[in-house]
Amino acid sequence: MKEENTKKNLKISLSTFFLIIAIIVIIVMGYYLYITIEGKRDEEKQVSDLENEINILENTVNTLQQQVSEKSNTSNTVNTNTVQTNNSTTNEEKQFSNEEIKKALQEYLNLAGVSEGGPSALLQKLNLIDIANEVIRDDGYVKTNIQYDDYKNAMLNYVTEDWFENRFSGGFKNENGILCYNAGGGTGMEFEVESINIKGEYSDSAYIGNVYNIALDGSKTMENIEFHIANENGKCVISYCD
């Protein structure tokens, strides 16, 4: 009887031992499972935090790039305006010497004198046409193979645009951008500039020119003419001449 009780107690002890072992194993497994789950959560949180930081960095980079671009554009605009302002100031403040003004008047009178011989003579003087190539139409005009703007731009080396329209557009036509000129002609004139003097003190653009009008026989007659000058891109040109 005593032996049976001993065996029974031993079985209970073993059962309790294994139960305790099982509980310990379950606790250990639960702990490791908890650790694993928490580790994954931490990793996911770390990944999420990294993604947020990357997004913040990208936004910062984009903002900085935009600011740099805006500053660059502003700088270019300021530089361009400065250059334009400096050019304008140079044009307005440039003072021409008497020799420059005298030369501008002489070149102008050379063209004006030649133009008295007809539009074709003026175009030849400008090296724009060859008289041998002209074919006169029924309306008395000759159609060239050059652009009207080429003629105009050539004249703007010597006169302002307003004075070009006033003095050197007659006898010419602009037909769809092509230059046509009247085939009529006459006797040209020749001038020689002797000297120039500023007209009064009220303006630094109005002058009196002492000019010789040279006749066909070579005789000279002195004339006093009033003329005005202008600054076109740093070049002295004529804006008026009586």
Inset, instruction - State plainly whether the residues Glu161 and Lys152 are in salt-bridge range, i.e. N to O under 4.0 Å. - result: yes
Legend entry - Leu216 atom CG, neighbour heavy-atom count above 12 within 6.0 Å: no
Legend entry - Pair Phe227-Ile101, side-chain contact (heavy atoms from CB on, under 4.5 Å): steps then yes or no: CA-CA 10 Å; Phe227 68 99; Ile101 298 171; 3.7 Å; yes
Inset, instruction - Could you tell me whether the side chains of Asp217 and Ser219 share a donor-acceptor contact shorter than 3.5 Å? - result: yes
Inset, instruction - Report the C-alpha separation of Leu111 and Met155 in whole Å, then their side-chain angles, then the decisive distance to 0.1 Å, and conclude whether the side-chain contact (heavy atoms from CB on, under 4.5 Å) test is met. - result: CA-CA 9 Å; Leu111 295 174; Met155 287 302 306; 4.0 Å; yes
Inset, instruction - Verify, without hydrogens or angle tests, whether Glu194 (side chain) and Asn210 (backbone) share a donor-acceptor contact under 3.5 angstrom. - result: no
Inset, instruction - With the side chain counted from C-beta on, respond yes when Thr144 and Tyr181 share a heavy-atom pair under 4.5 Å apart, and no when they do not. - result: yes
Legend entry - 4.5 Å side-chain heavy-atom contact, Tyr148 and Ile178: no
Inset, instruction - Classify the side-chain pair Asn213/Thr221 by whether it contains a donor and acceptor separated by less than 3.5 Å. - result: no
Legend entry - Any side-chain heavy-atom pair of Val211 and Glu192 under 4.5 Å: no
Inset, instruction - Taking the side chain as every heavy atom from C-beta outward, state whether Tyr207 and Ile225 have any atom pair closer than 4.5 Å. - result: no
Inset, instruction - Would you check if the distance from the ring center of Phe172 to the ring center of Tyr151 is below 6.0 Å? - result: yes
Inset, instruction - Specify the closest pair of heavy atoms between Cys241 and Leu109, including all atoms of both residues, with the distance to one decimal. - result: SG-CD2, 4.4 Å
Inset, instruction - Let me see the working for Glu116 and Thr187 under side-chain contact (heavy atoms from CB on, under 4.5 Å), right down to the final yes or no. - result: CA-CA 6 Å; Glu116 294 297 323; Thr187 302; over 6 Å; no
Inset, instruction - Starting at CD1 of Ile229, measure out to OG of Ser205 and round the result to the nearest 0.5 Å. - result: 6.5 Å
Legend entry - Flag side-chain contact, heavy atom, 4.5 Å: Val159 against Arg167: no
Legend entry - From Thr160 atom OG1 to His228 atom NE2, the distance as rounded to the nearest 0.5 Å: 11.5 Å
Inset, instruction - Check Ser115 against Ala112 and note the closest heavy-atom contact, atom names and distance. - result: OG-O, 2.6 Å
Legend entry - Least distance between heavy atoms, Arg137 atom then Glu175 atom: NH2-OE2, 2.8 Å
Legend entry - Heavy-atom side-chain contact between Ile146 and Ile129 under 4.5 Å: yes
Inset, instruction - State plainly whether one hydrophobic cluster holds both Val114 and Leu123, where clusters connect Ile, Leu, Val, Met, Phe, Trp and Tyr through side-chain heavy atoms under 4.5 angstrom apart. - result: no
Legend entry - Validation row: Val237, Leu156 side chains within 4.5 angstrom (heavy atoms): no
Legend entry - Spatial distance of atom NZ (Lys173) from atom NZ (Lys143) [nearest 0.5 Å]: 11.5 Å
Inset, instruction - Specify the closest pair of heavy atoms between Ile196 and Lys102, including all atoms of both residues, with the distance to one decimal. - result: CD1-N, 3.7 Å
Legend entry - Separation of Ile238 CD1 from Gln106 CD (nearest 0.5 Å): 10.5 Å
Inset, instruction - Could you grab the distance from atom CG of Asn145 to atom CG of Asp150, nearest 0.5 Å is fine? - result: 10.0 Å
Inset, instruction - Return the minimal non-hydrogen interatomic distance between Ala154 and Leu128, and the atom names on each side. - result: CB-CD1, 4.4 Å
Inset, instruction - May I have the step-by-step check of side-chain contact (heavy atoms from CB on, under 4.5 Å) for Phe96 and Asn231, ending in yes or no? - result: CA-CA 9 Å; Phe96 297 109; Asn231 186 344; 3.7 Å; yes
Legend entry - Side-chain touch Ile214/Phe191, heavy atoms, less than 4.5 angstrom: no
Legend entry - Minimum heavy-atom distance between Gly171 and Pro119, given as atom pair plus value: O-CG, 3.7 Å
Legend entry - Between Tyr108 and Trp163: side-chain donor-acceptor atoms closer than 3.5 Å: yes
Inset, instruction - Drop me the distance from Lys103's NZ to Ser97's OG, to the nearest 0.5 angstrom. - result: 10.0 Å
